[in-house]
Amino acid sequence: LKAENNGSKIGIDFSETLSEGAVGITGFAKLEVGIDADDSGSDTFDSRLAYAGVDLGTLGSVSGGRQSHPNSGVGKTGIFNALGSNAVFYYADRSSNSLKYSNSVGALSSDVMVIVDGATGTDGVDVMDVSGSVDIGPLSLAAGYADDVVNSIKYTVVSGGMDVQGISLNGTYSLKDTTTDLTGYEATASYTLDDTTLAVGYGDKENTATYMTIGASYSLSDSVLGYAEYQMTDNTGSTTDTDQMALGLKYTF
């Protein structure tokens, strides 16, 4: 049993109009760090995002630096505050030495990101990561593909969700294409009434574990959220199974 800081972060967004007219051009940047408010480790601040770019309006935007991977954002089953979202195979949350192109046309959004770190011994692109998403009425669909060229590993993620009258149903499927292919899938359901949300999720990550998660949250205000969550993890093989519980208060500004 431990009372501790969980996932605190702070960031700054910058934006400046560079050109007005039929095609407005905007410069933008973001700096975000994770905060160990307990100061329990050697790094009170942990680098998360640091990038700058140019938004060319209908032509899309281009940015470079330390950025979020498109592939990691495809899954729609990360609905819990502290637990859950354990069973998806993807390359990474974010990486340095990256270039990204993003654009939206109507209901379709797409991202293309490459990593060129110059330290792997491989010429050219080290990782290619692409994703696309579309919203059709209450239905939301997304897919992503990442190719780790250096290690010859490919990741495919497909996800979908539907929101109807306070009920949200989501599913995510992933494939890690390596020497032995591995699959992972998650399904979640939640119901929101006024300021209260009840959620349940199940995940199966091949050769790792299966996960059952339940949770409840209550919005005390637009900025303050209280939550309670419980997760049972059935580990593969002889690894000891675990139960986890989280009770927390989150303030977002």
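Note that these values count all heavy atoms, side chains included, but never hydrogens, waters or copies made by symmetry. In this text the structure is predicted, and so the values were computed from the model without any measurement.
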Thr210 and Asp204: side chain donor to acceptor below 3.5 Å
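No, no side-chain donor-acceptor pair sits under 3.5 Å.
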Verify the distance criterion only: is there a donor paired with an acceptor across the side chains of Thr192 and Thr197 at less than 3.5 Å?
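Side-chain D/A pair, Thr192 to Thr197: present.
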First locate atom [atom1] of [X], then atom [atom2] of [Y], and finally report the distance between them rounded to the nearest 0.5 Å.
{"X": "Met212", "Y": "Thr233", "atom1": "CE", "atom2": "OG1", "value": "11.0 Å"}
{"X": "Asn103", "Y": "Asp55", "atom1": "CG", "atom2": "CG", "value": "8.5 Å"}
{"X": "Thr236", "Y": "Asp241", "atom1": "OG1", "atom2": "CG", "value": "9.0 Å"}
{"X": "Tyr91", "Y": "Met113", "atom1": "OH", "atom2": "CE", "value": "8.5 Å"}
{"X": "Leu220", "Y": "Tyr218", "atom1": "CG", "atom2": "OH", "value": "6.5 Å"}
{"X": "Asp36", "Y": "Asn6", "atom1": "CG", "atom2": "CG", "value": "11.0 Å"}

Group every Ile, Leu, Val, Met, Phe, Trp and Tyr by side-chain heavy-atom contacts under 4.5 Å, then state whether [X] and [Y] land in the same group.
{"X": "Leu108", "Y": "Leu141", "answer": "yes"}
{"X": "Tyr90", "Y": "Val74", "answer": "yes"}
{"X": "Leu182", "Y": "Ile153", "answer": "yes"}
{"X": "Ile214", "Y": "Tyr202", "answer": "yes"}
{"X": "Leu1", "Y": "Tyr227", "answer": "no"}

Pairs meeting criterion salt bridge (Lys or Arg N to Asp or Glu O under 4.0 Å) with involvement of residues 1-12, two or more places apart
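Residue pairs passing salt bridge (Lys or Arg N to Asp or Glu O under 4.0 Å), neighbours aside: Lys2-Glu4.
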Identify the two heavy atoms, one from [X] and one from [Y], that lie closest to each other, and give their separation to 0.1 Å.
{"X": "His69", "Y": "Ser95", "result": "NE2-OG, 2.7 Å"}
{"X": "Asp126", "Y": "Gly118", "result": "OD2-N, 4.0 Å"}
{"X": "Phe80", "Y": "Ala199", "result": "CE2-CB, 3.7 Å"}
{"X": "Ser140", "Y": "Asp135", "result": "OG-OD1, 2.8 Å"}

Would you confirm whether [X], through its side chain, and [Y], through its main-chain N or O, come within 3.5 Å as a donor-acceptor pair?
{"X": "Asp111", "Y": "Pro70", "answer": "no"}
{"X": "Lys100", "Y": "Ser68", "answer": "yes"}
{"X": "Asp129", "Y": "Asn71", "answer": "yes"}
{"X": "Glu229", "Y": "Ala82", "answer": "yes"}

Output the rest of the hydrophobic cluster of Leu198: all Ile, Leu, Val, Met, Phe, Trp and Tyr residues reachable through side-chain heavy-atom contacts under 4.5 Å, sorted by chain and number.
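Members alongside Leu198: none; it stands by itself.
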Do [X] and [Y] touch side chain to side chain, with heavy atoms closer than 4.5 Å?
{"X": "Leu99", "Y": "Val62", "result": "no"}
{"X": "Val130", "Y": "Val112", "result": "yes"}
{"X": "Asp148", "Y": "Val127", "result": "yes"}

I'd like to check the salt bridge (Lys or Arg N to Asp or Glu O under 4.0 Å) partners of Glu16; sequence neighbours left out, ordered by chain and number.
none
Those residues that, when tested against Phe89, pass ring-ring contact (aromatic ring centres under 6.0 Å, His included) (two or more places apart)
none
Listed pairs under 3.5 Å, donor-acceptor, residues 154-171 side chains, sequence neighbours left out:
from, atom 1, to, atom 2, distance (Å)
Ser159, OG, Lys76, N, 3.0
Ser159, OG, Gly171, O, 2.8
Ser159, OG, Thr172, OG1, 2.9
Asp163, OD1, Ser168, OG, 2.7
Ser168, OG, Asn170, ND2, 3.0

Mind checking side chain to side chain contact (heavy atoms under 4.5 Å, CB included) for [X] and listing every partner two or more places apart, or none if nothing turns up?
{"X": "Asp39", "result": "Thr44"}
{"X": "Ser8", "result": "Asn5, Ile35"}
{"X": "Ser109", "result": "Ser104, Ser133"}
{"X": "Thr179", "result": "none"}

Identify all side-chain donor-acceptor contacts of residues 23-32 below 3.5 Å with residues at least two apart in sequence or on another chain.
from, atom 1, to, atom 2, distance (Å)
Lys30, NZ, Asp13, OD1, 3.2
Lys30, NZ, Asp13, OD2, 3.2
Glu32, OE2, Arg48, NE, 2.7
Glu32, OE2, Arg48, NH2, 3.4

Can you list, pair by pair, the side-chain donor-acceptor contacts under 3.5 Å of residues 184-191, counting residues two or more places apart and other chains?
from, atom 1, to, atom 2, distance (Å)
Glu186, OE1, Thr77, OG1, 2.5
Glu186, OE2, Asn86, N, 2.8
Glu186, OE2, Ala87, N, 2.7

Run the side-chain donor-acceptor check on residues 242-252: report pairs under 3.5 Å with partners two or more places apart or on a different chain.
from, atom 1, to, atom 2, distance (Å)
Asp243, OD2, Tyr230, OH, 3.3
Gln244, OE1, Gln231, NE2, 3.3
Lys250, NZ, Asn81, OD1, 3.0

